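Worksheet for the structure shown next.
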Amino acid sequence: MRVAIAGAGLAGLACAKYLTDAGHTPIVLESRNVLGGLVAAWKDEDGDWYETGLHAFFGAYPNMLQLLKELGIEDRLQWKQHTLIFNQPEKPGVLSRFDVPDIPAPFNVIASILQNNDMLTWEQKIRFAIGLVPAVVRGQKYVEEMDKYSLLEWLERQGIDERVSSDVFIAASKALTFIEPDKVSATIILTALNRFLQERYGSKIAFLDGSPTERLCQPIVDYITDRGGEVHLNKPLKEILLNAEGTVRGFLIRGLEGTADQVIAADAYVSAMSVDVFKALMPTPWKEMNFFKKLDGLEGVPVINLHLWFDRKLTDIDQLLFSRSPLLSVYADMSVTCREYADPDRSMLELVLAPAKDWIDKSEEDILKATMRELEKLFPAHFGTENPAKLRKYKIVKTPRSVYTATPGRQAYRPDQVTPIKNFFLAGSYTMQRYLGSMEGAVLSGKLTAQAIVSNQQSSDVRKVADYPPPTPVMSGN
Ligand SMILES: Cc1cc2nc3c(=O)[nH]c(=O)nc-3n(C[C@H](O)[C@H](O)[C@H](O)COP(=O)(O)OP(=O)(O)OC[C@H]3O[C@@H](n4cnc5c(N)ncnc54)[C@H](O)[C@@H]3O)c2cc1C
């Protein structure tokens, strides 16, 4: 079976990989000249990499880890010490750690919280622990029900005071969704916490050893093409062409640089594009269908990723850090955390700026100036001093619409991978799967889409076989 897939982000590539495993032929069509979508990366004029986003992998990413294993590249993840590290705004330059001991879950995470006295008082710890009991006991069902509340509302219902919500949870919601606790659905944070509390190494963090495009996406492409599939860059989907009865007849691909448009025909079709692009390309007749109408409730959130190259080493911390500053979310010194970006003498900070809605239209100079001001608090020994660290160069990547905006109530709008159109499917981290808008969610969605296509075909084969034999004459009299 030929399956045309629009989008070579992780969801589209994972879908194609699992289709080839099932003996089918995927044809992946990517609009840009780079693989990876939200994990795409580029080399600058000096050969240094810069990325769409600073990406951390977690132990609680079973589908991603399985995929890396199947590709034979699991050694490309550089696992870090099991700890979560936060800056302390009130003590510039001082870090607070949640060291997770190597004992079974959930005791490891509980022990790490109990041992940290910088960010939570004993009363806050106890209230928070009591608040988490229903999530642990009732599991995912309870977590899903909490989608009606913002994180802040949920915390208030647990009697957890302002300071906790304004401290740890701002950092967590900014890191996971690029929005703030009064805007983010409680389901998001509870889902992450639930995974961390149930899996011994769930909150353990790894970095890829190089750029996601080359070290993660390219091996998936090689796997697909070695098995007869195709992956094409510079092939933007322009229109979804329909048959008279509403099923898909073909993908119309826009011809670039004077070449003609082209129709790709297949047995099944997948949109693995972001929800915003899919909504813009949705055929008019589908817009009236409830399934597709629901997508109006989903929209990508803006985020900005910065890369700052300095003339000296600012830190030797080999881990993701939660900045807890107003503008920035997580950051890492990639010259320490990532083998291919390593530099023994000079730092390259990669930082996520979120929430970015007020910054996405600002100039790079303004964004840089504001970021440098925050670095004075994160690295007081190197900035605002007589001999400050010098910025050698920088790159800023703005993404006006990234993962879906995870405000309360969004779970109800996230679509299944199977659509009412018989030969058309959706993949993407915004589609319904339990890992939210993440790399793990993208891989899982692609896998679920491939499974749905295969089982759809098997049941139509069964239907065809069942239809094929002429009806057996009914014998009477026996
Ligand atoms: C700054 C940042 C930091 C992040 N940090 C983390 C992290 O630490 N951990 C984590 O797990 N996740 C993180 N994420 C989220 C993660 O990157 C995404 O959830 C995931 O990569 C989404 O994959 P996807 O395939 O669903 O969508 P996308 O990556 O958006 O893929 C969609 C693809 O469709 C293509 N496309 C668009 N239009 C067309 C068209 N007309 N025709 C053909 N193709 C088209 C796009 O170019 C793109 O390649 C981060 C994201 C960002 C932006």
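A quick note: this is a predicted structure, and the numbers were derived from the prediction, not measured. Ligands are counted one by one from 1 in listed order, and the atoms in each one are counted from 1 as well.
Between the OG atom in Ser429 and the CE atom in Met439 there is a gap of 10.5 Å [rounded to 0.5 Å]. With rounding to the nearest 0.5 angstrom, the OH atom of Tyr18 is 7.0 Å from the CG atom of Asn63. Remark: Met348 CE to Glu350 CD distance equals 5.0 Å, nearest 0.5 Å. Separation of atoms CD1 (Ile240) and OG1 (Thr247) is listed at 12.5 Å; rounding is to 0.5 Å. In this structure, CZ on Phe291 lies 6.0 Å from CG on Asp416, to the nearest 0.5 angstrom. Between the CZ atom in Phe424 and the CH2 atom in Trp286 there is a gap of 4.5 Å [rounded to 0.5 Å].
When atom types are taken as modelled, the side chain of Asn456 and the backbone of Lys422 share a donor-acceptor pair closer than 3.5 angstrom. Side-chain N or O atoms of Asp267 include one that pairs as donor or acceptor with a backbone N or O of Arg2 at under 3.5 Å.
Residue-level proximity to ligand 1 for Ala272 is carried by the backbone, the only part with a heavy atom below 4.0 angstrom. In Leu35, neither the side chain nor the backbone holds a heavy atom less than 4.0 Å from any atom of ligand 1. Contact annotation: for Leu237 versus ligand 1, heavy atoms closer than 4.0 Å belong to both the backbone and the side chain. Of all the heavy atoms of Phe57, none lies under 4.0 Å from any atom of ligand 1, so neither backbone nor side chain is involved. When non-hydrogen atoms are compared, ligand 1 lies under 4.0 Å from neither the backbone nor the side chain of Val330.
The nearest non-hydrogen atom to atom 9 (N) of ligand 1, considering only Ser438, Pro236, Ala56, comes from Ala56. Evaluated by nearest non-hydrogen atom to atom 25 (O) of ligand 1, the leading choice among Gly7, Ala11, Gly37 is Ala11. Comparing heavy-atom distances from atom 35 (C) of ligand 1 across His232, Arg401, Glu30, Met273 singles out Glu30 as nearest.
With hydrogens left out, the protein atom closest to atom 23 (O) of ligand 1 is Ala442 CB, 3.4 Å, a heavy atom. Remark: minimum distance from atom 37 (C) of ligand 1 to any protein heavy atom is reached at Ser31 OG, 3.8 Å. Of the protein's non-hydrogen atoms, the one nearest atom 31 (O) of ligand 1 is Gly9 CA, 3.5 Å. Among all non-hydrogen protein atoms, the one lying nearest atom 1 (C) of ligand 1 is Gly53 CA, 3.3 Å. Scanning the protein for heavy atoms near atom 29 (O) of ligand 1, the closest one is Leu38 N, 2.8 Å. In terms of protein heavy-atom proximity, atom 6 (C) of ligand 1 is closest to His55 CD2, 3.2 Å. Counting only heavy atoms of the protein, atom 26 (O) of ligand 1 lies nearest to Ser429 N, 2.8 Å.
Taking any N or O of Leu54, backbone or side chain, at least one lies under 3.5 Å from an N or O belonging to ligand 1. At a 3.5 angstrom cut-off on N or O pairs, Met439 counts as close to ligand 1. Residue-to-ligand polar distances place Tyr61 within reach of ligand 1: an N/O pair is separated by less than 3.5 Å. At least one N or O atom of Leu10 sits closer than 3.5 Å to an N or O atom of ligand 1.
Under the 4.0 angstrom criterion for non-hydrogen atoms, Val303 is in contact with ligand 1. Residue contacts with ligand 1 include Phe178, since one or more of its heavy atoms lies under 4.0 Å from the ligand. Heavy-atom distances between Ala14 and ligand 1 stay at or above 4.0 Å for every pair.
Near Thr52, meaning under 4.0 Å from one of its heavy atoms, ligand 1 places the atoms 1 (C). Here is the list of ligand 1 atoms found below 4.0 Å of a heavy atom in Gly437: 15 (C), 19 (O). Using a 4.0 Å cut-off to heavy atoms of Val277, the atoms of ligand 1 that qualify are 38 (N). Short contacts between ligand 1 and Leu29, defined as distances under 4.0 Å to a heavy atom of the residue, involve ligand atoms 43 (C), 44 (N). Proximity to Val39 (heavy-atom distance under 4.0 Å) selects the following atoms of ligand 1: 17 (O), 21 (O). Numbered from 1 in the order shown, with element, the atoms of ligand 1 that lie under 4.0 Å from a heavy atom of Gly428 read 26 (O). Close approach of ligand 1 to Val403 is summarised as follows: ligand atoms under 4.0 Å from at least one heavy atom of the residue are 15 (C), 18 (C), 19 (O). When each atom of ligand 1 is checked for a heavy atom of Gly36 under 4.0 Å away, the hits are 29 (O).
Using a 4.0 Å cut-off between a side-chain N of Lys or Arg and a carboxylate O of Asp or Glu, Arg76 and Asp209 do not qualify as a salt bridge. Here Asp48 does not pair with Lys395 in a salt bridge; the nearest charged N to carboxylate O distance is not below 4.0 Å.
Protein non-hydrogen atoms do reach within 4.0 Å of atom 14 (N) of ligand 1.
Ring-plane geometry between His307 and Tyr50 is classed as perpendicular, the angle between the planes exceeding 60 degrees on a 0 to 90 degree scale with a lower cut at 30. Ring orientation note: the planes of Tyr435 and Tyr61 are nearly perpendicular, at an angle over 60° on the 30°/60° scale. Ring geometry, Phe383 versus Phe310: the interplanar angle exceeds 60°, so the pair is classed perpendicular (tilted spans 30 to 60°). Aromatic ring orientation, His82 versus Tyr201: tilted (interplanar angle from 30° to 60°).
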I would like to know whether Ser335 and Lys313 meet side chain to side chain donor-acceptor pair (under 3.5 Å); could you show each step before the answer?
CA-CA 9 Å; Ser335 75; Lys313 218 64 186 163; 2.6 Å; yes

List the steps, then state whether side chain to side chain donor-acceptor pair (under 3.5 Å) holds for Asp147 with Ser185.
CA-CA 5 Å; Asp147 192 41; Ser185 155; 2.6 Å; yes

Give the C-alpha distance, both sets of side-chain angles, the deciding distance and a yes or no for side chain to side chain donor-acceptor pair (under 3.5 Å) between Ser96 and Asn116.
CA-CA 8 Å; Ser96 175; Asn116 182 303; 2.9 Å; yes

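The local environment of NZ in Lys80 is crowded, with over 12 non-hydrogen atoms from other residues, nucleotides or ligands closer than 6.0 Å.
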